[in-house]
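First up is the structure itself, then whatever we jot down about it.
Chain letters run A, B, ... following the sequence lines, proteins first, then strands; residues in each count from 1.
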Amino acid sequence: MIEPRWQKTWEAQGTFASPRLPQGEKLYALDMFPYPSGDGLHVGHPEGYTATDIVARYARMCGKSVLHPMGFDAFGLPAEEHAIRTNTPPRVQTEKNIENFRRQLKMLGFSYDWDREISTTDVAYFRWTQWIFLQMYDSWFDHDQQRGRPIAELPIPDEVQQEGDDAVRRYQDDHRLAYQSDAPVNWCPALGTVLANEEVVDGKSERGGHPVVRKPLRQWMLRITAYAQRLESDLEGLDWPESIKALQRNWIGRSTGAEVDFYIGAGETYDPWCQARRSTGFPRQPDEDCLRVYTTRPDTLFGATYMVIAPEHPAVESLTTAAQAAAVNAYCEQAAQKSDLDRTDLAKEKTGVFTGSSAINPVNGESIPIWIADYVLISYGTGAIMAVPAHDQRDFEFAQQFEIPILAVVDPGGDTPEATRADILAATAVFTAEGTAVHSGVYDGLSTAEFKSRITDDLAAQGLGRAAVNYKLRDWLFSRQRFWGEPFPVLHELDAEGQPTGRVRTVPEDQLPVDLPELADFKPHGRPEPPLDKAADEWLYPVLDGVRYKRETNTMPQWAGSCWYYLRFLDPHNASCLVDPQVEAAWMPVDLYIGGAEHAVLHLLYARFWHKLLYDRGVVSTPEPFRKLVNQGMILGEDGEKMSKSRGNVINPDKIVTEYGADTLRLYEMFMGPLTKSPKAWSTQGVNGVRGFLDRVWRMIVEEDAEQPVVCGAVQDVAPTEPQNRVLHKTIRAVTHDLETLSFNTAIARMMEFTNFFLKEDVRPKSAMQQLVLLLSPLAPHLCEELWQVLGHSGTLAYHPWPKYDESLIAEDTVEIPVQIQGRLRGKIAVPSDADRDAMETAARTDPKIAQLLADQTVVKVVVVPGRLVNFVMKGS
RNA sequence: GCCGAAGUGGCGGAAUUGGCAGACGCGCCAGGUUCAGGACCUGGUGGGGGUUAACCCCGUGGAGGUUCGAGUCCUCUCUUCGGCACCA
């Protein structure tokens, strides 16, 4: 077997070790590192990995310094579940799985620099994951400068300062990029454990089908929303698929509109309030006697016939009248029980309850009722809306349900596909698009766009509103109730009774890492608190500077380790910092990042967020980590269905390598179609075809049936003939171009054509054979190294200069040109390749067949494209 | 509902970006080789018509349009896949 032999050679000689710093042009080619599952490598993995490997090998032959690393994203739920099931430490199984993955990756001949291998579960690695968390904790976001800054630089307002140190501390805590908050968890009493979202199906545990309830728990959040603006606008400069950018933009969900305050005080105090607002302007925080809403359609203010606040809105209590109290309490309690899913998917009918109070519409002074309904989310905008039923689908449904008046204030100007103009103006149909204002006082007749900007300005002048931007993006719930994840480097201070004081202290940097404790067993302890609460006291209760603490027992989510692994590859063994700044500046950004589209949003957004914080804190030198991103397509089974054990259509890479070889697997996956095409169905016949091609390449160069591989007789040390040179140089040109554009399928097709041609040649110039071996080597490295040796070379070809093509050897003396009449193909002529228009037209007219067709016809126009075609246009066309 | 991607032979897919549609591979057909099977080699292979020759017509999901010329550009439309989905 030649493949394992070459793999050993590469490893023994350190062929693919990257230099600490690049010399000359650099290429950082990165794969999305895998989660080492117990099932081993899936054929989807080698697809992207082969693509980056080809690019990396090609770049080396072009003289670039290449960084091409691999590692493992090894924290995760399956290992934890396995540990619970077998009561063995998760690290044991994880390391077995990594070993298997490493074996499989090496078997495929990827040119990784294995000295840089990392796993997110390495203590020496997650030490720096914890360190980055400390940077988050130590940062606040300066909205004026749009960047994260050290918490020490946070300006403290005087009134806070006067309240004392505790107030200052709380104020800082409220501004940190990592902060604590109560967030609901999926608590399953029957299993006695907290479940991840993916372990909950229809409100029941995936395993066992036990009921799951939502229970608030103190957890860590990351303030990713602070970076929403930059995460969106910086997408523009990235060489990413537009579809992925669209997905991220959609996820960030920027919208523009206005915030407006509705007065909720007593009617007779409305005028003085308005007066006061005119002088004070729009306050940063709304005062108690108003309800602040966010709307993208301030132009529909005149059509607001009621308001809605979320059940969790702080004003619920004060707005509820005695008569409504019972109904409101019941409704809010019910809403609290529902999960987000229940509130969306299952709620076909709008629900809500009247508070008994009303507010005053600032544009016309009219009083409108305030309702509570769970179709308004506390987590978006201000948690309160003005409802314009005539021009919002949800409000329309709600108003119909509860018989609230509907007033049309936007004239569509004509019938729409859904409704007539008359229905819309009569408010019996909803219209949500833009139009012309009606029933809007002095604003009547304005277009939606004009109206929006005009009324926003007017409200701002009166101190009643202001332009505002909102994002769908939410802060990132960053803690998990798991034992197989990075511990937080955080300590909770305890008082003399052993109760938490509420003060938090971070583990000093020089005491990192905080390693995971050894657990006696892995069974759930039956409480919603994290499983690490079972750890031994010496881990759980450290004493620092004479103060006793309890460690944070939440762990970080799996995303944490993958947020920055691309940085550690640059300097994986550095014990004194995350990455040497000189090394970072030399290698970053990642030039090519290939992985599955399933990470389009979360991983790529989280990683960009972390990178931006590290950029703001001076750890990295680029604002974005991944310059070019490519998503490989999904590979389906032979039946065209997604591969799964239950369907029995899983293709095992080990089996393919055993039967056909690694080069065949690599080449086949690249030949299946465009890299990014998705999905692609596996075809064993296709694998066979590719194997046949590699066999023909071998036979083209090597003597068959010889004891030892020797160059076959047809391969001779002679200069190529003119046609041979043409094929050779065309192939070099096409393959070079195709590798640059990641069009591996066509590159392979071009080399097949080369092979088909030269197999028929009785004499095959050795120089041409060598060039082909070089061209094919990034794709099928084992075979090509072997052929290179057979052709008489001693070392590896991995750094041999890439073949160059000579345009003058490609050019033909004469070319065949299609002749068209009325745009239809009617004949072909052979002309000198440099023939001018006149010569081409003459040649076409002289062709017997064309001449006959042109006889008795009036040619009104002749289109001649030199080197391409001749087209005669007749009268009457 | 909104956003995005894609529809080309029996199949996977090419087409230097407006210039000979179907490269290359699979499959299939015929022939060669072989005890046989497989492997390998040679030739053919979009559909229809034709005196089976020359040649003609049709053809890139569908309908229009722009152009001397459209798989490629524009408008409308259908289908499939992926994502988001009470975000005011």
Which residues satisfy the side chain to side chain donor-acceptor pair (under 3.5 Å) test with A/E232, sequence neighbours excluded? none

Contacts of A/T684 meeting side chain to side chain donor-acceptor pair (under 3.5 Å) (sequence neighbours excluded), chain-then-number -> A/E638

Between the protein and nucleotides 42-53 of chain B, list the N/O to N/O atom pairs that are separated by less than 3.5 angstrom.
none

Any carboxylate oxygen within less than 4.0 angstrom of a Lys/Arg side-chain nitrogen, looking at A/E236 and A/K245? no

What I want to find out is whether A/K849 reaches A/D847 closely enough, with some N-O distance under 4.0 Å, to be called a salt bridge. no

Could I get a table of every N or O pair under 3.5 Å where one atom is in the protein and the other is in nucleotides 57-60 of chain B?
unit_1: B/C57; atom_1: OP1; unit_2: A/R826; atom_2: NH2; d: 3.1
unit_1: B/C58; atom_1: OP2; unit_2: A/R824; atom_2: NH2; d: 2.3

Contacts under 3.5 Å, N or O only, protein and nucleotides 74-82 of chain B:
none

Among the nucleotides B/C20, B/G19, B/C86, whichever has the atom closest to the side chain of A/D374 is B/C86

With sequence neighbours left out, write down each residue that passes salt bridge (charged side-chain N to carboxylate O under 4.0 Å, His left out) with [X], or none if nothing qualifies.
| X | result |
| --- | --- |
| A/R223 | none |
| A/R249 | none |
| A/R474 | none |
| A/D261 | A/R277, A/R292 |

Can you work out whether A/F671 or A/G381 has the more 5'-proximal nearest nucleotide on RNA chain B? A/F671

For B/C20, what is the paired nucleotide under Watson-Crick or G-U wobble rules, both distances under 3.5 Å? none

Among residues 746-757 of chain A, which ones have heavy-atom contacts with RNA chain B below 4.0 Å? A/T746, A/A749, A/R750, A/M752, A/E753, A/N756

For nucleotides 26-31 of chain B, print each protein N/O atom paired with a nucleotide N/O atom at under 3.5 Å, atom names and distance only.
unit_1: B/G27; atom_1: OP1; unit_2: A/Q685; atom_2: OE1; d: 2.9

Listed once per pair and sorted, the side-chain hydrogen bond (donor to acceptor under 3.5 Å, both in side chains) pairs that draw on residues 685-701 of chain A, sequence neighbours left out: A/R691-A/D695

Is a donor-acceptor pair below 3.5 Å formed from side chain A/R868 to base B/U16, judging by atom type as modelled? yes

